[in-house]
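Below you'll find the structure, written out as structure tokens, and then a few comments.
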Amino acid sequence: MSKKEVLSFPHLGDYYIPIKFLLSHISDYEVKEAPPITKKTIELGTKYSPDFVCVPFKYNLGNFIETLDNGASILFQAGGGCRYGYYPEVQEKILKDLGYDFKMMTIGESGIINFKSLKNVVKKLGHCGMTKALYYTFLSVLMVRFMDKVDVYIRKNIGFEVKKNSFLELKKEMLQEFSKCKGYFSLFKTYRKYMKLFKKLKVDKPKNCLRVGIIGELYTSMEPYASYFLEMELANMNIEVTRFTNVTYLLYQKKLQEKKMLRKIKNYCKYTLGADGMDNVYRSKYLIDKGFDGIIHIKPFGCTPEIGAIPIIRKVCSEAGMPIIFFSFDSQTSETGIKTRLEAFYDMLKIRKGD
Amino acid sequence: MNEITVGIPATLLYYKYKELWLNFFGKLGIKVVLSPETDKEILDSGIKHSLDEACLAMKIYMGHVAYLKDKCDYILVPRLESVKKCEKLCTNFAALYDLTRATSDVKIIHYNVDVDKNKSEEEAFIKLGKSLGFSRVESKSAYLLAKQNERILKKAKLDTQLNKIKNSKKIKILLAGHPYNLYDKFIGGQIVEVLEKCEADIFYSDIYDDVHVPRDMPKISKANYWTYNREMIASIAYYEPQVDGIILVTSFPCGPDSLSNEMILRNVHIPITNLIMDEENSTTGLETRIESFIDIIEERKKINE
């Protein structure tokens, strides 16, 4: 028998684990995630991308090129959202023009995802029945939810860990165990076990530590490489971090909360602003009301929905006297520049707090 | 009787809905004030009022809004999320209303079109008419008449362009892009000037019957879902066999265009060049690029003869 074809997909933080879990259970192909993102990935991506396309496109394209070089023959891209939905066709064209031979698979043409389009994807992937596919989709959504829940706890405490790297090591262990889970019960048990272990990890957290919220575009929020490990940097400064965007939020919480959010910020937004624009206005209001010390807004350069939202966020923050800093990431952003600005922001927050 | 004047910033969506807006307000008997063509002053105040990363067309729009500030009672700022089923627009148009409200201190009347959520243009205009104190019947008839007028004018424009293309003996250049880029004095105006000096016949991509989008678009892109980009792509595919060259006009850094331009550049097989315009364009650079582009076309023509 001939060798199985290899199905591959681009990276998004740690989410390659549930995606791989799902795809390897419902498809007939061998599933392999793209090689981890390095400097070379982004260089490759930038070289073949249009000039002023947003950075996630470049990362994804770099991922694809590297994984194709490693022998993948089917690529999987999610789509949906603002510009994301149009990524697959353009990337397919660029890669085909480069001479690669492969098949591109997407959820939902034209950026619209519904049950029918999901059914089509499952059909294309192999001989898996719809019930089984739904069961594994449910399991991976659950896995994502557990991961996000753990992540929230980590973000709050990692800046104050007593033993260095204890959180990250435990998280790595947990993710490995997640990927080996067989069914609902083993998944749930693993989650419970590790949540307990995380709570047992020693932290030395002062009562009035600095608290900062991260808002902004989804890819730079979720892919640590794209934001130059901003969250790690904050943890090193002993700051408690809250971040809103994760896959759980995008999958279903966003839809459920939309009306509530619009009601709460009706003085600033009457309508949604496209993608996560309005959500971020709401979040900055929320962070102000909860008494956070500062807000960090991150986005790739040229992200249209966020550009539409930033002036409104600025207005919200300036009216409440809330410190906010904006980062715009591109493939050529200098890491030192970010660090310097972040340190200045940190000093300012500290002085405000009156240490 | 209370006389109110409505200010319309003559840029961005104005070039798309000019006839509709002017006819609608005309039928209702409301006085309309238009902002003048973009000049340096408007551009500068626009830059001051917007984020440095915003696209050039949006910066110009903010300048026009600032110009109209004291010259009318209300400014018309529409909010468009989707104008066709299962299609989208650039998110700038969805944010336009809230953004204008946040950045400049002006009185706004607006209408909201979101066909995907069953908010049609007709309902939106009726609401707009009502907010100005007219009855439902008055608003609806004004909208329908304006819509009819728009259709007639569009048809006439298309016929003129098709006639011109048939009888043209000069070099035929298709100026492709969003209407607010093509017709703006600062963006497209500069290009048109140079092209006229080169004695080329200019055709515009927005003069096109959008009924044929499903027929023409797949030649270049199948999956594009931004309504205005779909029309642009289809129009390019339609005019491609009829013209000698295409100039693609983009304002920096347009989101949808960044991707759809790539598809256009890779799938068009006649001479094509992409001019990306920002607020610090040099006229000389532009002239050189366009002149050499025309030279290429002339050489090609000679070889083919």
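Residue numbers begin at 1 in each chain, while the letters A, B, ... track the order of the sequences.
- Contacts between Leu51(B) and chain A at a heavy-atom distance below 4.5 Å involve the side chain alone, from C-beta outward.
- Under the 6.0 Å cut-off for aromatic ring centres, Tyr180(B) and Tyr61(B) do not qualify, their centroids lying 6.0 Å or more apart.
- No side-chain donor-acceptor contact under 3.5 Å links Glu240(B) to the backbone of Ile236(B).
- Ranking Thr103(B), Asn261(B), Leu96(B), Asn267(B) against chain A, the residue ahead of the rest is Asn267(B), based on heavy-atom pairs under 4.5 Å.
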Inset, instruction - Please lay out, stage by stage, how Phe252(B) and Phe52(A) fare under the test ring-ring contact (aromatic ring centres under 6.0 Å, His included). - result: CA-CA 8 Å; Phe252(B) 182 84; Phe52(A) 49 93; 5.3 Å; yes
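- A distance of 6.0 Å or more separates the ring centres of Phe76(A) and Phe9(A).
- Note: Pro305(A) leads Pro311(A), Pro305(A), Gly302(A), Gly274(A) in heavy-atom pairs under 4.5 Å with chain B.
- Contacts of Lys270(A) with chain B are made by both backbone and side-chain atoms, with heavy-atom separations under 4.5 Å.
- Contact of Phe301(A) with chain B is made through backbone and side chain together, with heavy-atom distances under 4.5 Å.
- For Tyr271(A), the parts lying near chain B are the backbone and the side chain together; criterion is any non-hydrogen pair under 4.5 Å.
- For the residue pair Arg283(A)/Thr245(A), the side-chain donor-acceptor check at 3.5 Å is satisfied.
- Ranking Ile94(A), Ile310(A), Val316(A), Val281(A) against chain B, the residue ahead of the rest is Ile94(A), based on heavy-atom pairs under 4.5 Å.
- Inspection of the Asp279(A) and Tyr249(A) side chains reveals an N or O donor paired with an N or O acceptor under 3.5 Å.
- Interface remark: Ser260(B) contributes backbone and side-chain atoms alike to the contact with chain A (heavy atom separation under 4.5 Å).
- Proximity to chain B (any heavy atom under 4.5 Å) is shown, for Ser49(A), by neither the backbone nor the side chain.
- For the 3.5 Å distance criterion, the side chains of Asn112(B) and Arg79(B) qualify, holding a donor opposite an acceptor.
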